[in-house]
Amino acid sequence: MAKVLMKGNEAIALAAIKGGCDAFFGYPITPQNEVPEYLAKYMNEHGKVFVQAESEVAAINMVYGAAGAGARVLTSSSSPGIALKQEGITYLAGSQLPCVICSVMRGGPGLGSIQPSQGDYNQATRGGGNGDYHVIVFAPETIQETIDTMKESFDIADYYRNPVMILVDGLIGQMMESVDFDRPVKQRFLPPKDWAANGTKNHPGRRNVINSLYLEPKELEDHNLRLAKKYALVMQNETRYEMINMEDPDYVIVAYGTMSRVARSAIEILEQAKLKVGIIRPISLWPFPKQAFDQIGENCKGILVTEMSLGQMLQDVQISNRGRHPIAFYGRSGGVVPEPEEIVSAVQNFEKWRVE
Amino acid sequence: MPKGRLTFDYEKCKGCGVCVAFCPVKILYLDKSTLNKAGYNLIRVTDEEKCIGCATCGLMCPDSVITVEVMK
Amino acid sequence: MDYEVKYQKSKVLTDNPLSYCPGCTHGIIHKLVAESLEELGVIDHTVGIASVGCSVFSYQFFNADMEQAAHGRACAVATGVKRIHPDNVVFTYQGDGDLASIGIAETIHAANRGENITVIFVNNAIYGMTGGQMAPTSLIGQKTTTSPFGRDSHLHGNPIKVSEMLQHLDGVAYLERVSVHNPANVRKAKKAIKKAFEYQIQKKGFTLIEVLSTCPVNWGKTPVDAMKWVEESMIPVFPLKLFKDAGEQHE
């Protein structure tokens with residue numbers, strides 16, 4: 001398919017279809033409404049499942065049902081709606097069910113705003129559900145990267161039998177870019193879903209039960225250890241990041257999604273001001289790319305973390321940095337998107353924004 | 001020969017007494033002198049001859065303990 | 001003289017002993033569901049949804065593929081399964097806490113969408129698994145661990161009439177309230193449950209059977225007295241009734 005100009009949210013929807021999505025369950029919430037709107041039309045036309053649920057809580061549990069029945073399932077929402085889905089997400093992880101969850105972040109906390117934000121980093125990477133579980137979280141920077149990540153996410157979810165989250169913000173969801181939907185996706189061996197609850201006639205001699213309840217502590221511990229092994233595999237294979245302009249920089253900016261785009265403009269301005277600044281761009285937020293911080297050159301005078309929040313990814317950077325470099329933080333919240341010039345001045349006045 | 005014949009899956013019995021209450025010919029009772037592995041008293045039949053094979057006991061047993069056969 | 005079997009355990013029930021208290025009528029209701037599925041010959045393409053409450057372990061008792069749903073979300077989970085496998089028989093098995101309290105929205109909207117699923121709604125007017133708290137269906141004056149002086153409508157509202165509410169939704173194809181407190185009613189309940197599954201198979205829409213049930217331990221009664229309490233106290237508040245039978249209008 002040739003290049004086409006498309007809005008982020010609609011690209012997310014079409015990319016899911018290209019990724020083999022069988023079913024979508026969602027609920028209206030700005031700024032992601034175009035995802036269900038696009039799919040409402042498309043899915044019915046192609047004999048696939050689309051349900052607008054009565055709430056995000058119902059939607060994520062429909063995802064649980066359909067995923068447990070062996071389908072490739074997408075749901076999308078925004079910050080407050082993702083908050084409502086947390087219980088369902090831990091059930092999905094606990095029952096080892098694959099699905100893709102798209103979160104289009106908006107200002108918080110509470111009802112917050114409908115402007116873009118990155119204030120859900122902790123919600124996404126730490127999870128609001130109970131127990132030791134993880135969601136594999138990708139934060140694409142462009143609509144093209146969102147498409148490629150979305151298509152691959154269905155395979156990743158199936159491969160690891162775990163929820164995968166695509167974390168973008170209202171800006172990426174609402175803007176338009178020219179994109180190509182036919183870029184190849186990494187091939188993975190995906191075993192058949194013989195564990196699915198779809199009727200014993202499909203797997204004679206065995207009953208499939210989708211469940212996360214283990215009243216016997218030792219059994220639940222063994223289950224947790226199985227999940228832990230899986231997460232270790234994810235950390236080994238799915239950690240993703242991009243190093244931009246990182247050949248012995250004076251400063252390093254750490255930013256993802258929309259903020260890494262703002263940072264790209266900022267380092268060009270800084271280049272003219274004779275300041276060599278690189279960017280570490282996490283693409284997977286969980287697993288967080290710790291190893292990127294082992295590749296920072298000695299001459300680096302400091303790391304500036306910038307996020308549309310009051311500092312959430314900051315903690316992961318502090319952990320990964322292990323005290324090796326000074327750290328500063330510059331963030332805007334509430335839906336305010338910083339200008340590149342603000343990042344430029346933050347780097348130039350590093351000490352003013354220093355936190356460590 | 002009694003019209004009906006009962007067999008009990010004693011280990012599943014919880015001694016709840018529902019069958020005893022609903023047996024129309026009152027031939028079932030809880031044998032206080034016996035216990036199954038779970039510690040429940042077992043269902044016994046007083047007079048098997050009187051069983052009319054109505055299967056009410058089987059119908060009302062929550063734990064499917066009782067199989068009822070009737071004369072062909 | 002030889003004998004033939006008149007009554008035996010359904011093959012749709014597994015060998016696992018039921019986890020219910022002695023005399024709890026959950027056991028009877030499980031049998032009626034199992035026998036219906038067995039007689040309709042659909043067990044190999046049935047998916048049951050276990051809810052959260054005393055019947056959370058129903059996924060160990062039905063010989064079908066099962067999914068265990070979060071508390072209150074069985075109707076949503078069932079929607080997900082049914083939409084993916086429209087030719088499968090899908091049922092939920094829920095108590096009054098699960099369906100009428102935390103899950104009331106999912107229940108109403110599944111009904112309103114006319115989801116082609118069968119909901120077995122076990123109403124025993126109490127939270128059993130957690131030790132006897134007041135449920136939305138607890139009766140006025142009923143003492144529970146969270147209504148120690150008896151349910152008081154000024155404080156706790158009145159017993160919620162789920163079937164009376166749902167009957168007005170067009171998506172509902174078959175809706176009946178039955179009981180299992182004596183043999184005659186057990187037989188009637190079986191007919192209703194089997195008919196609900198038949199309507200599902202004929203894709204008539206949402207079917208729900210509300211089954212009045214006992215909780216001897218938390219009601220503080222013997223199993224047999226508990227069944228009397230259903231008749232004397234519950235039925236006046238929750239009359240046994242056929243609320244809706246969409247099939248009738250068609251024939």
Side-chain angles (χ1 to χ4, degrees), chain A residues 22-25 27 43 47-73 75 85-92 94-95 97 99 129-130 193 195-215, chain C residues 11-12 14-16 19 37 41-52 56-90 92 102-113 115 117 129:
Chain A
D22 300 309
F24 175 87
F25 305 95
Y27 188 78
M43 297 298 256
K48 298 197 178 229
V49 170
F50 172 87
V51 178
Q52 177 177 305
E54 57 270 28
S55 73
E56 288 92 346
V57 176
I60 194 70
N61 281 284
M62 291 177 190
V63 168
Y64 180 98
R72 286 193 152 195
V73 194
T75 184
K85 292 180 193 256
Q86 292 300 315
E87 182 199 40
I89 292 171
T90 177
Y91 268 72
L92 283 153
S95 308
L97 292 182
C99 72
N130 52 308
K193 295 184 176 177
W195 44 264
N198 50 17
T200 51
K201 74 173 186 216
N202 298 303
H203 40 80
R206 190 183 73 249
R207 209 161 61 85
N208 285 345
V209 175
I210 304 298
N211 165 55
S212 60
L213 176 68
Y214 298 81
L215 273 189
Chain C
K11 291 188 205 58
V12 172
T14 66
D15 297 336
N16 298 321
S19 52
L37 293 169
V42 294
I43 196 57
D44 69 349
H45 56 286
T46 294
V47 179
I49 312 298
S51 60
V52 171
V56 64
F57 291 118
S58 58
Y59 65 83
Q60 293 174 1
F61 307 139
F62 290 116
N63 232 331
D65 279 359
M66 301 282 292
E67 292 198 19
Q68 199 285 310
H71 194 32
R73 316 309 172 194
C75 283
V77 173
T79 299
V81 177
K82 187 72 179 192
R83 293 295 182 114
I84 294 300
H85 298 301
D87 295 329
N88 274 27
V89 172
V90 177
T92 74
I102 188 171
I104 192 77
E106 281 77 4
T107 306
I108 290 172
H109 284 282
N112 197 53
R113 289 191 302 268
E115 290 298 339
I117 59 175
M129 171 68 97

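Within every chain, numbering begins at 1; the chains are lettered A, B, ... in the order of the sequence lines, protein sequences first and strands thereafter. Reckoned from all heavy atoms, side chains included, excluding hydrogens, waters and symmetry mates.
- Side chains of A/Asn61 and C/Glu106 form no contact here, defined as non-hydrogen atoms less than 4.5 Å apart.
- Both the backbone and the side chain of C/His45 come within contact range of chain A, judged by heavy atoms closer than 4.5 Å.
- Counting heavy-atom pairs closer than 4.5 Å to chain C, the top-ranked of the candidates A/Gly88, A/Gly68, A/Pro204 is A/Gly68.
- Between C/Val81 and A/Gly65, the closest heavy-atom pair is CG2-O, 3.3 Å.
- For the pair C/Arg73/A/Glu87, a side-chain contact is recorded, criterion being any heavy-atom separation below 4.5 Å from C-beta on.
- Between atom OG of residue A/Ser95 and atom CD of residue C/Glu67 there is a gap of 8.5 Å, rounded to the nearest 0.5 Å.
- The two residues A/Ala23 and C/Ile84 have their closest heavy-atom pair at CB-CD1, 3.7 Å.
- The salt bridge (Lys or Arg N to Asp or Glu O under 4.0 Å) search around A/Lys193 returns A/Asp158, not counting sequence neighbours.
- Between the CE atom of A/Met62 and the CD atom of C/Glu115 there is a distance of 6.5 Å, given to the nearest 0.5 Å.
- Side-chain atoms of A/Tyr64 do not come within 3.5 Å of backbone N or O of C/Gly80 as any donor-acceptor pair.
- If you measure heavy-atom distances from C/Asn112 to chain A, you find no contacts under 4.5 Å at all.
- In C/Lys11, the NZ atom is not crowded: 12 or fewer heavy atoms of neighbouring residues, nucleotides or ligands sit closer than 6.0 Å.
- Interface remark: A/Phe24 contributes no atoms to any contact with chain C (heavy atom separation under 4.5 Å).
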**OP:** Begin from the C-alpha positions of C/Ile108 and A/Glu54 and carry the test side chain to side chain contact (heavy atoms under 4.5 Å, CB included) through to its verdict.
**Re:** CA-CA 9 Å; C/Ile108 290 172; A/Glu54 57 270 28; over 6 Å; no
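- Only the side chain of C/Val56 comes within less than 4.5 Å of a heavy atom in chain A; its backbone stays farther off.
- Contact count versus chain A (heavy atoms, under 4.5 Å) is highest, among C/Val52, C/Thr14, C/Val47, for C/Val47.
- Between A/Ala58 and C/Ala76, the shortest heavy-atom contact is O-CB, 3.5 Å.
- For A/Leu215, the part lying near chain C is the side chain, with the backbone staying farther off; criterion is any non-hydrogen pair under 4.5 Å.
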Please tabulate, for side-chain N and O atoms in residues 205-212 of chain A, each donor-acceptor pair with protein atoms closer than 3.5 Å (sequence neighbours left out).
unit_1   : atom_1 : unit_2   : atom_2 : d
A/Arg206 : NE     : A/Asn208 : OD1    : 3.0
A/Arg206 : NH2    : A/Asp194 : O      : 2.4
A/Arg207 : NH1    : C/Tyr59  : O      : 2.9
A/Arg207 : NH1    : C/Phe62  : O      : 2.8
A/Arg207 : NH1    : C/Ala64  : O      : 2.9
A/Arg207 : NH2    : C/Tyr59  : O      : 2.9
A/Asn208 : ND2    : A/Asp194 : O      : 2.8
A/Asn208 : ND2    : A/Trp195 : O      : 3.3
A/Asn208 : ND2    : A/Ala196 : O      : 2.6
A/Asn208 : ND2    : A/His203 : NE2    : 3.0
A/Asn211 : OD1    : A/Leu213 : N      : 2.7
A/Asn211 : ND2    : A/Leu213 : O      : 2.8

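- The contact between C/Ile43 and chain A is made entirely by backbone atoms, counting heavy-atom distances below 4.5 Å.
- At most 12 heavy atoms of other shown residues, nucleotides or ligands fall within 6.0 angstrom of atom CG in A/Asn130.
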